[in-house]
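What follows is a single structure, written as structure tokens, with notes after it.
Predicted model only: the values in this text are computed from it and were never measured. By convention in this document, chain letters (A, B, ...) are assigned in the order of the sequence lines, proteins followed by strands, and residues within each chain are numbered from 1.
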There are 2 protein chains.
Amino acid sequence: MKPDAVRGHLDGLILAVLEDGPRHGYAIIEALQTRSGGRLDLPTGTVYPALRRLERAALLSGTWSTVGGRERRTYTLTRSGRHALAGQRADWTEFSAVVDAVLRPSAGTT
Amino acid sequence: MKPDAVRGHLDGLILAVLEDGPRHGYAIIEALQTRSGGRLDLPTGTVYPALRRLERAALLSGTWSTVGGRERRTYTLTRSGRHALAGQRADWTEFSAVVDAVLRPSAGTT
DNA sequence: GATCTATACGTAGAGCATCTACATATAGTG
DNA sequence: CACTATATGTAGATGCTCTACGTATAGATC
């Protein structure tokens with residue numbers, strides 16, 4: 001899968017993963033891999049900046065903790081984040097319907 | 001619909017419209033509107049550069065003509081273009097399946 | 001105790017598709 | 001003569017994502 005394809009849809013994917021409960025960055029990347037059947041393998045250089053962006057937008061809140069001597073930043077969906085996720089889902093539904101409609105061979109408009 | 005969402009998928013949409021037969025830029029934009037039920041309204045500054053890019057990539061071939069005193073550049077799908085369209089459709093199928101899978105609430109993995 | 005791998009976070013610089021806004025030209029209408 | 005629809009195109013800016021790199025701890029292996 002071309003990595004560029006997620007452009008514009010990454011936020012929704014991250015929010016969706018976080019809906020299950022708080023996770024730290026590394027775990028989010030793994031969850032994305034798992035949920036997509038291994039077809040979505042996003043580099044840290046893509047995900048970490050996105051997380052900071054989402055936190056800055058107040059869709060996530062992050063807290064530091066130390067687990068096994070390692071620093072972790074755990075992200076939790078905020079109320080705004082949940083709201084945004086719903087919006088993203090609606091947007092995706094509409095968008096995918098539009099692309100389906102245009103992409104589908106127009107087999108006779110009769 | 002956020003305009004940025006088509007990012008990375010525009011090529012496929014244009015190729016799909018051209019599958020019905022040759023069209024010029026203005027008509028392509030109108031066809032995109034029609035096929036999407038008016039939800040896809042792309043500005044000329046997006047479509048014209050894309051057409052030139054696709055032509056440069058040999059997925060389209062363009063020819064000038066004059067209709068009613070106005071210059072038109074009519075684009076036709078090349079053999080490579082048809083091939084690329086098939087690839088874009090496959091990519092889209094996979095991509096939308098992945099996004100669906102990640103976005104869908106994980107209602108119990110039980 | 002040195003090295004290697006997995007875990008975990010992050011930044012720097014670049015690319016490139018798309019956006020907004022503008023520029024140009026013809027035909028027809030009022 | 002001005003305005004709208006048709007028709008094509010460029011200029012500059014934006015901003016997400018990419019590639020590549022940098023840092024650090026824990027545990028296993030040698």
Side-chain angles (χ1 to χ4, degrees), chain A residues 1-15 17 22-34 40-57 59-60 62-75 84 88 91 95 98-99, chain B residues 1-15 17-18 22-34 40-57 59-75 84 88 91 95 98-99:
Chain A
M1 157 142 29
K2 291 178 306 187
D4 248 17
V6 298
R7 198 173 266 272
H9 305 282
L10 177 60
D11 294 7
L13 300 181
I14 291 176
L15 295 175
V17 163
R23 277 198 172 84
H24 62 286
Y26 200 83
I28 290 171
I29 294 173
E30 289 182 327
L32 250 15
Q33 284 175 353
T34 303
L40 201 55
D41 188 21
L42 298 173
T44 64
T46 295
V47 176
Y48 286 123
L51 289 171
R52 312 196 119 233
R53 182 164 42 78
L54 291 170
E55 189 179 4
R56 214 160 45 231
L59 304 185
L60 304 180
T63 54
W64 284 107
S65 60
T66 306
V67 177
R70 289 194 203 87
E71 293 281 295
R72 275 185 183 173
R73 189 154 185 81
T74 301
Y75 293 96
Q88 295 270 4
D91 287 351
F95 174 71
V98 164
V99 176
Chain B
M1 159 142 32
K2 290 178 308 188
D4 247 20
V6 299
R7 201 173 263 274
H9 305 282
L10 178 60
D11 294 8
L13 300 181
I14 291 176
L15 295 176
V17 163
L18 253 12
R23 276 199 173 86
H24 62 288
Y26 200 83
I28 289 171
I29 293 174
E30 288 181 327
L32 250 14
Q33 284 174 354
T34 303
L40 202 55
D41 188 22
L42 298 173
T44 64
T46 295
V47 175
Y48 286 120
L51 289 171
R52 312 196 119 232
R53 182 165 41 78
L54 291 171
E55 188 179 4
R56 213 159 47 231
L59 304 186
L60 304 181
S61 69
T63 54
W64 283 107
S65 61
T66 306
V67 177
R70 289 194 202 86
E71 294 280 296
R72 276 186 183 173
R73 187 154 185 82
T74 301
Y75 293 96
Q88 294 271 3
D91 287 350
F95 173 71
V98 164
V99 176

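- Distances were taken from every side-chain heavy atom of B:T44 (C-beta onward) to each of C:dT18, C:dA8, C:dA21; the shortest belongs to C:dA21.
- Distances were taken from every side-chain heavy atom of A:R53 (C-beta onward) to each of C:dT11, D:dC16, C:dG10; the shortest belongs to D:dC16.
- The CG atom of B:L60 sits 16 Å away from the C1' atom of D:dT8 (whole-angstrom rounding).
- Here the straight-line distance linking atom CG of A:D91 with atom CG of A:D11 works out to 11.0 Å at 0.5 Å rounding.
- Between B:E30 and B:Y75, the residue whose closest nucleotide on DNA chain D is further toward the 5' end is B:E30.
- In the set C:dG10, D:dG9, C:dT18, D:dG9 carries the atom at the smallest distance from any side-chain atom of B:R52.
- Across all strands shown, A:G25 has heavy atoms under 4.0 Å from sugar-phosphate atoms exclusively, and none from any base.
- Here C:dG10 presents its C1' atom at 16 Å from CG of A:L54, a figure rounded to the nearest Å.
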Step-by-step side-chain contact (heavy atoms from CB on, under 4.5 Å) determination, A:R72 to A:W64: CA-CA 6 Å; A:R72 275 185 183 173; A:W64 284 107; 5.6 Å; no
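- Atom CZ in A:R23 sits about 15 Å away from atom P in C:dT7, given to the nearest Å.
- Mapping B:Y26 and A:H9 onto DNA chain D via the closest heavy atom, the residue that lands nearer the 5' end is B:Y26.
- Taking NE2 of A:H24 as the reference point, atom OG1 of A:T74 lies at 7.0 Å (rounded to 0.5 Å).
- For the atom pair CD1 of B:I29 and CG of B:L51, the computed distance is 8.0 Å after rounding to the nearest 0.5 Å.
- A:L40 contributes atom CG, which lies 8.5 Å from atom CZ of B:F95 (distance to the nearest 0.5 angstrom).
- Annotation: proximity of residues 64-74 of chain A to DNA chain C (heavy atom, distance under 4.0 Å) is found for A:W64, A:R70, A:E71, A:R72, A:R73, numbered in ascending order.
- For B:E55, the side chain to side chain donor-acceptor pair (under 3.5 Å) partners at least two apart in sequence or on another chain are B:R73.
- The distance between atom CG of A:L13 and atom C1' of D:dC16, rounded to the nearest whole Å, is 14 Å.
- Separating the CD atom in B:E30 from the CG atom in B:L42 is a distance of 12.5 Å, to the nearest 0.5 Å.
- Distance A:R7 CZ to D:dG15 P: 13 Å, rounded to the nearest Å.
- Two residues, B:V47 and A:L51, neighbour DNA chain C, and the one matched to the more 5' nucleotide by heavy-atom proximity is A:L51.
- Across the protein-nucleic acid pair, A:I29 atom CD1 and C:dT7 atom C1' stand 11 Å apart, rounded to whole Å.
- Across the protein-nucleic acid pair, A:Y48 atom OH and D:dT19 atom P stand 17 Å apart, rounded to whole Å.
- Protein atom CG of A:L42 is 11 Å distant from nucleotide atom P of D:dT19, rounded to whole Å.
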